[in-house]
There are 2 protein chains.
Amino acid sequence: MKLQQLRCVLEIYRHGNHITSAAEALHTSQPGVSKHIHQLEVELGFPIFIRKRNHVIGLTEPGKEVLEIARRMMADTENLKHIREEFLSRDMGTLTIATTHTHARYILPNIIERFATEHPNVQLALHQGNPTQICELVEADEADIAVGTESPKSFPNLVKLPCFLLSRSIVVRVGHPLLRLKKLTLQDLANYPIITHDPASSGRWKVMTAFEKAGIKPNVISSAVDADICKTYVERGLGIAIVATITFDPTHDIKLRAIDAGHLFEQSTSFVTLRRNSYPRTYMLNFIHCLSERLTPNVVRPALAGRSLPADLVSKLQMLA
Amino acid sequence: MKLQQLRCVLEIYRHGNHITSAAEALHTSQPGVSKHIHQLEVELGFPIFIRKRNHVIGLTEPGKEVLEIARRMMADTENLKHIREEFLSRDMGTLTIATTHTHARYILPNIIERFATEHPNVQLALHQGNPTQICELVEADEADIAVGTESPKSFPNLVKLPCFLLSRSIVVRVGHPLLRLKKLTLQDLANYPIITHDPASSGRWKVMTAFEKAGIKPNVISSAVDADICKTYVERGLGIAIVATITFDPTHDIKLRAIDAGHLFEQSTSFVTLRRNSYPRTYMLNFIHCLSERLTPNVVRPALAGRSLPADLVSKLQMLA
DNA sequence: CGTGATTACGTTTATCGTAATTATA
DNA sequence: TATAATTACGATAAACGTAATCACG
């Protein structure tokens with residue numbers, strides 16, 4: 001059995017069972033890839049791919065097992081290559097963080113400031129996107145870690161670790177009638193035009209669910225991509241905004257007021273996301289520790305190991321730590 | 001990077017940093033192994049082994065990391081080979097159990113009876129030894145699983161899963177004075193000659209600790225290898241025995257009586273032990289499930305995955321399930 | 001000098017890419 | 001007929017084993 005054979009299996013799967021494009025991705029010839037698969041199938045004693053005449057259709061059942069093991073072995077070859085960098089310079093390298101606007105603007109600055117002081121030789125790079133996009137960046141190895149709220153899409157090859165909770169507030173203009181109410185209800189909010197995040201964010205989804213459950217149709221007039229834009233619209237008197245509490249800055253947002261909405265909307269959980277079966281650099285583990293006291297290297301490392309199925313168990317393990 | 005290179009690293013380490021014997025074990029030439037290591041070291045960019053002139057002394061720090069990853073990758077190559085058997089016959093094959101006398105004689109019969117009924121085509125083999133020996137059998141791949149009490153030796157490449165607790169009883173002849181006492185004390189026991197397990201068993205160790213803590217020197221007259229021999233000596237009037245409660249069979253041991261000693265000695269935990277990073281056959285997972293309701297395949301599989309360090313976390317995870 | 005690792009070199013094997021072939025849609 | 005996988009085959013490169021070399025006790 002050769003590592004190159006396993007690499008072929010992965011690439012064919014990645015390219016939608018297309019040997020030709022897999023060969024291109026591997027910078028080699030199509031017949032070579034085809035041969036490798038055949039040799040592996042002969043050695044293992046069963047077909048990995050389902051073929052229909054001269055087309056590869058999909059994976060066989062045992063082929064799925066092969067894929068899973070092959071994935072882990074290729075991850076381990078990467079891990080071997082990274083040992084050198086790790087030992088040469090524990091505190092030098094690049095940390096690429098994929099994150100959402102809210103995190104990048106309101107949560108990470110403090111954390112990054114602290115991290116940068118402790119790791120002056122680590123180059124930081126930020127990539128921005130919605131919760132699904134940032135996970136895709138990590139999966140494609142274009143970012144080391146993702147920090148954001150939950151993505152509706154599931155990523156079996158990524159490990160999600162909860163770091164903290166985000167509560168929501170209503171942001172209104174100074175002197176707004178809602179400020180005079182003692183306890184806000186969803187019905188109160190529905191009396192005003194509402195500005196909230198774009199549909200791709202999980203925050204937006206939680207807000208809409210709360211209204212739906214209460215049987216109230218809110219008047220959502222605008223879906224802005226980020227909290228800053230929401231606040232700008234509120235300042236212009238276009239409505240009220242439902243955003244993460246942390247995005248309200250009393251010293252800067254002088255024309256606005258925030259009303260806690262913790263009793264109206266479920267809190268969102270922020271996750272840090274990494275590739276399964278990777279051995280992150282020490283400084284990456286330190287960065288995650290900056291995000292949450294609970295997420296020590298000794299918690300994160302074992303959580304990254306293992307097969308993709310125990311989603312429930314891994315989350316239980318996280319709760320403990 | 002080639003799998004054969006990693007195989008060389010493992011074999012050299014296994015053979016006490018001796019390239020010549022590693023080469024023999026790999027059925028190849030010494031220069032070949034030497035070359036493979038050099039190539040790998042060049043590719044990774046750091047030395048794996050510490051050399052003193054023309055001798056290999058040990059592993060470098062990054063070399064230890066390489067060893068760990070190499071171990072997992074070789075385990076995965078084995079796992080790939082086993083996929084075929086698993087899919088060809090989910091319920092056919094061999095299950096080799098390494099276990100202690102107490103487990104083999106008093107605990108496993110019921111479990112094996114049930115398992116054998118459900119898996120008529122699985123060939124069972126039992127190997128007997130003390131807790132350390134049975135772990136060594138699993139480590140050397142001579143047994144699939146070990147069932148026994150804790151070994152004093154630690155095995156970083158094995159995963160230990162607790163299945164159940166063993167309480168202890170005092171076994172005496174009918175009419176023995178101890179039977180007339182309401183609540184037994186350690187001091188009461190010390191009045192009589194004591195027969196217990198041999199020093200290699202963890203049971204023996206727990207018993208001696210209890211006496212030591214109480215500052216009592218028991219009169220241990222004999223250390224027998226197993227509970228049956230202990231009981232035979234008691235029958236002959238040579239003393240009293242401290243053995244696992246389960247080894248007393250009232251319908252068979254008609255000349256003996258058992259007195260519960262749960263308040264005097266700490267209970268022992270029975271563990272099932274498997275190789276780390278192995279993908280056990282389905283019927284092996286079923287057997288483990290027979291040992292303990294808690295140990296479902298969905299609990300065992302993730303516990304086997306991962307690095308060797310998270311002993312505390314793995315045990316926490318087990319508690320949950 | 002014996003043991004043990006490294007270097008040198010020739011043989012064998014396997015890997016790779018081009019080209020030809022086959023089989024669909 | 002265009003697309004996609006398989007088969008055939010020659011060139012290249014890597015792996016292997018033998019033999020020679022070096023280094024130390």
Side-chain angles (χ1 to χ4, degrees), chain A residues 1-60 62-63 66-67 70 73-74 77 80-81, chain B residues 1-60 62-63 66-67 70 73-74 77 80-81:
Chain A
M1 175 197 322
K2 302 274 139 51
L3 287 172
Q4 184 70 354
Q5 296 169 336
L6 301 177
R7 212 170 274 127
C8 290
V9 173
L10 284 176
E11 282 304 317
I12 292 174
Y13 175 78
R14 272 170 54 91
H15 289 82
N17 305 313
H18 200 254
I19 294 188
T20 307
S21 39
E24 283 172 32
L26 291 164
H27 308 292
T28 184
S29 67
Q30 192 203 49
V33 175
S34 182
K35 207 173 190 180
H36 270 135
I37 297 299
H38 280 275
Q39 283 176 338
L40 184 59
E41 287 180 325
V42 166
E43 181 174 349
L44 294 181
F46 57 84
I48 296 167
F49 289 102
I50 303 170
R51 294 162 171 81
K52 196 164 185 178
R53 309 297 175 180
N54 61 352
H55 277 258
V56 175
I57 299 291
L59 288 163
T60 61
V66 173
L67 189 80
M73 291 184 73
M74 294 320 299
T77 64
L80 276 173
K81 287 179 198 158
Chain B
M1 176 197 320
K2 300 275 139 53
L3 286 172
Q4 183 70 353
Q5 296 169 337
L6 301 177
R7 213 170 273 128
C8 290
V9 173
L10 284 176
E11 281 305 316
I12 292 173
Y13 175 79
R14 271 170 54 90
H15 289 82
N17 305 314
H18 199 254
I19 294 188
T20 307
S21 39
E24 283 172 31
L26 291 164
H27 308 292
T28 185
S29 66
Q30 193 203 49
V33 175
S34 182
K35 206 173 189 179
H36 272 136
I37 297 298
H38 280 273
Q39 283 176 337
L40 184 60
E41 287 180 327
V42 167
E43 181 174 349
L44 294 181
F46 56 85
I48 296 167
F49 290 102
I50 303 169
R51 295 162 172 79
K52 196 164 186 178
R53 310 297 176 180
N54 61 351
H55 279 258
V56 175
I57 300 289
L59 287 163
T60 61
V66 173
L67 189 80
M73 290 185 74
M74 294 320 298
T77 64
L80 276 173
K81 289 179 197 157

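Chain letters run A, B, ... following the sequence lines, proteins first and then strands; every chain starts at 1.
Listed nucleotides C:dA19, C:dG17, C:dT6 differ in distance to A:Pro31; the shortest reach to its side chain belongs to C:dA19. Distances were taken from every side-chain heavy atom of B:His38 (C-beta onward) to each of D:dA5, D:dG17, C:dT6; the shortest belongs to C:dT6. Side-chain atoms of A:Ile19 lie closest to D:dA5 of the nucleotides C:dA5, C:dT7, D:dA5. Comparing C:dG4, D:dT18, D:dA4 by their closest approach to the side chain of B:Thr20 singles out C:dG4. When each of D:dA5, C:dA5, D:dT6 is scored by its nearest atom to the side-chain atoms of A:His18, the top-ranked nucleotide is D:dA5.
Nearest-nucleotide assignment on DNA chain D puts the 5′-proximal partner with A:Arg51, out of B:Gln4 and A:Arg51. Where A:Ser29 and A:Lys52 each meet DNA chain C at their nearest nucleotide, the meeting point lying more 5' is that of A:Ser29.
One atom, CD1 of A:Ile37, and another, P of C:dC16, lie 12 Å apart when rounded to the nearest Å. A straight line from CZ of B:Arg7 to P of D:dA15 spans 13 Å, rounded to a whole angstrom. Here the C1' atom of nucleotide D:dC16 and the CD atom of B:Glu24 are 17 Å apart, to the nearest Å. The CG atom of A:Leu26 sits 14 Å away from the C1' atom of C:dT15 (whole-angstrom rounding). Whole-Å rounding puts the B:His15 NE2 to C:dA5 P distance at 12 Å. Protein atom CD of B:Glu41 is 13 Å distant from nucleotide atom C1' of C:dT6, rounded to whole Å. Atom NZ of B:Lys35 and atom C1' of D:dA13 are 12 Å apart (whole Å). Following rounding to the nearest Å, B:Leu40 (CG) and D:dA15 (P) show an atom-to-atom distance of 12 Å.
The side chain of A:Thr28 contributes an N or O atom lying less than 4.0 Å from OP1 or OP2 of C:dG17. Applying the 4.0 Å criterion to OP1 and OP2 of D:dA15, one finds that B:Lys2 has a side-chain N or O inside that range. The shortest distance between the side-chain N/O atoms of A:Gln39 and the OP1/OP2 oxygens of C:dT15 is below 4.0 Å. Dashed line: the shortest gap from a side-chain N or O of B:His36 to OP1 or OP2 of D:dC16 is under 4.0 Å.
Under the 3.5 Å distance criterion, the side-chain polar atoms of B:Asn17 are left unmatched by any main-chain donor or acceptor of B:Val56. Using modelled atom types, no side-chain atom of A:Ser34 and backbone atom of A:Pro31 make a donor-acceptor pair closer than 3.5 Å.
For the pairing with A:Ile48, the side chain to side chain contact (heavy atoms under 4.5 Å, CB included) check across A:Leu59, A:Leu67, A:Ile12 returns one residue only, A:Leu59.
Note that the NE2 atom of B:His38 and the CD atom of B:Gln5 stand 12.0 Å from one another [nearest 0.5 Å].
The shortest non-hydrogen separation linking B:Phe46 to B:Gly63 is CE1-N, 4.3 Å.
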